[in-house]
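First comes the structure, then the notes that go with it.
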Amino acid sequence: GFAIITGSGSGVMEAANKGAKSAGGHSVGLNIQIPLEQKPNKYVDTLLDFRYFFVRKVMFVKYAKAFVIMPGGYGTLDEFTEAINLIQTQRISKFPVVLFGSEYWKGMLDWLRDTVLKNDNISAKDLNIFTLTDSPKETVVIIKKFYEK
């Protein structure tokens, strides 16, 4: 029952857009114009192009009902930390943020707990802004449970 919004690229983003489309859902792509010329995938129903990452991030946060953060690079980390920072500082309403892939995110989570929390740069409750899972089904349950409240 949810539309999907991705960065419109290949790989995991394309798989998400394809899954939404095959299930009869709406598929949105927020493409970024970068020198490597990311090409939008063919499963995007609605495509928006952005020159600047910060504008694109605003659109993700403004329209998202949940973030499912898959293993990725700097862009993924930027989008993840933007969302949890806005939730932590109550600039936006809380929504589900799910990190997918415990082995991938383990080092970052250890660092958050053992360094950032230990140095009092975040509180223990800030580690509850997001949830970690390895299960696609659990991801759906987390999101649906949040909206049952």
Side-chain angles (χ1 to χ4, degrees), residues 1-21 23 25-34 36 38 40-41 43-44 46 48 50-149:
F2 290 101
I4 190 119
I5 303 174
T6 73
S8 80
S10 60
V12 172
M13 292 180 278
E14 183 172 343
N17 291 123
K18 182 179 180 181
K21 196 168 187 114
H26 191 73
S27 181
V28 179
L30 305 182
N31 193 48
I32 189 74
Q33 300 165 354
I34 53 177
L36 303 174
Q38 176 178 289
N41 70 68
Y43 301 103
V44 171
T46 302
L48 299 171
F50 296 90
R51 179 178 172 95
Y52 298 105
F53 282 99
F54 77 92
V55 177
R56 182 177 181 233
K57 282 192 304 183
V58 167
M59 298 306 283
F60 273 125
V61 171
K62 179 176 172 72
Y63 293 107
K65 298 294 183 196
F67 270 21
V68 178
I69 309 292
M70 303 300 284
Y74 287 139
T76 301
L77 289 172
D78 184 34
E79 292 156 1
F80 168 65
T81 55
E82 177 85 8
I84 63 173
N85 180 47
L86 291 171
I87 292 168
Q88 178 208 38
T89 58
Q90 299 178 359
R91 296 294 180 247
I92 62 172
S93 298
K94 185 172 170 69
F95 62 83
V97 177
V98 181
L99 285 175
F100 192 90
S102 57
E103 186 59 34
Y104 187 84
W105 298 110
K106 182 185 182 324
M108 182 185 75
L109 297 178
D110 289 345
W111 174 76
L112 285 172
R113 206 172 23 260
D114 299 341
T115 303
V116 181
L117 176 63
K118 190 174 181 180
N119 284 285
D120 294 322
N121 290 312
I122 59 172
S123 68
K125 70 178 176 147
D126 292 334
L127 294 173
N128 297 325
I129 294 172
F130 55 88
T131 306
L132 178 67
T133 186
D134 291 309
S135 165
K137 287 182 180 177
E138 184 180 9
T139 301
V140 173
V141 168
I142 291 165
I143 295 167
K144 285 184 171 183
K145 199 178 260 187
F146 179 87
Y147 286 103
E148 287 174 356
K149 296 177 188 175

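Note that the coordinates shown come from a computational prediction; the quantities given were computed from them, not determined experimentally.
The side-chain hydrogen bond (donor to acceptor under 3.5 Å, both in side chains) search around S10 returns none, not counting sequence neighbours. For D114, there are no salt bridge (Lys or Arg N to Asp or Glu O under 4.0 Å) partners two or more places apart in sequence or in a different chain.
Residues F130 and I87 form no side-chain contact, since every pair of their non-hydrogen atoms from C-beta on lies 4.5 Å or further apart. Contact of the N31 side chain with the V44 side chain is not registered, since no non-hydrogen atoms from C-beta on lie closer than 4.5 Å. Residues F95 and F67 meet the side-chain proximity criterion, which asks for heavy atoms closer than 4.5 Å. The closest side-chain heavy-atom distance from D78 to Y74 is not below 4.5 Å. Contact check for D110 versus R113: side-chain heavy atoms found under the 4.5 Å cut-off. Looking at F53 and E82, their side chains never come closer than 4.5 Å, going by heavy atoms from C-beta outward. Between K65 and I143 there is no side-chain heavy-atom pair separated by less than 4.5 Å.
The minimum heavy-atom distance linking G7 with F60 is given by the pair N-CZ, 3.8 Å. What you find for F100 and P136 is that their closest heavy atoms are CE1-N, 3.6 Å. Residues H26 and V28 approach most closely at CD2-CG2, 3.5 Å, considering heavy atoms. I129 and V97 get closest at one heavy-atom pair: O-CB, 4.0 Å. Among all heavy-atom pairs drawn from E14 and Y43, the shortest one is OE2-CE1, 3.4 Å. Residue S123 comes nearest to L117 through the heavy atom pair C-CD1, 3.5 Å, listed as atom of the first residue, atom of the second, then distance.
Not a single donor-acceptor pair under 3.5 Å links the side chain of N17 to the backbone N or O of S27. The backbone N or O of S8 sits less than 3.5 Å from a side-chain atom of N41, completing a donor-acceptor pair.
Taking OG of S102 as the reference point, atom CG of L132 lies at 5.0 Å (rounded to 0.5 Å). With rounding to the nearest 0.5 Å, the separation of CD1 in I32 from CG in L48 is 11.5 Å. Rounding to the nearest 0.5 Å gives a distance of 4.0 Å between CG of L127 and CD1 of I122. Atom OG1 of T139 sits about 7.5 Å away from atom CE of M70, to the nearest 0.5 Å.
Within the structure, side-chain hydrogen bond (donor to acceptor under 3.5 Å, both in side chains) contacts touching residues 84-94 (residues at least two apart or in different chains) are Q88-D126.
For Y63, the OH atom counts as loosely surrounded, since its 6.0 Å shell holds 12 or fewer non-hydrogen atoms of other residues, nucleotides or ligands. Around NZ of K57, the count of heavy atoms belonging to other residues, nucleotides or ligands within 6.0 Å exceeds 12.
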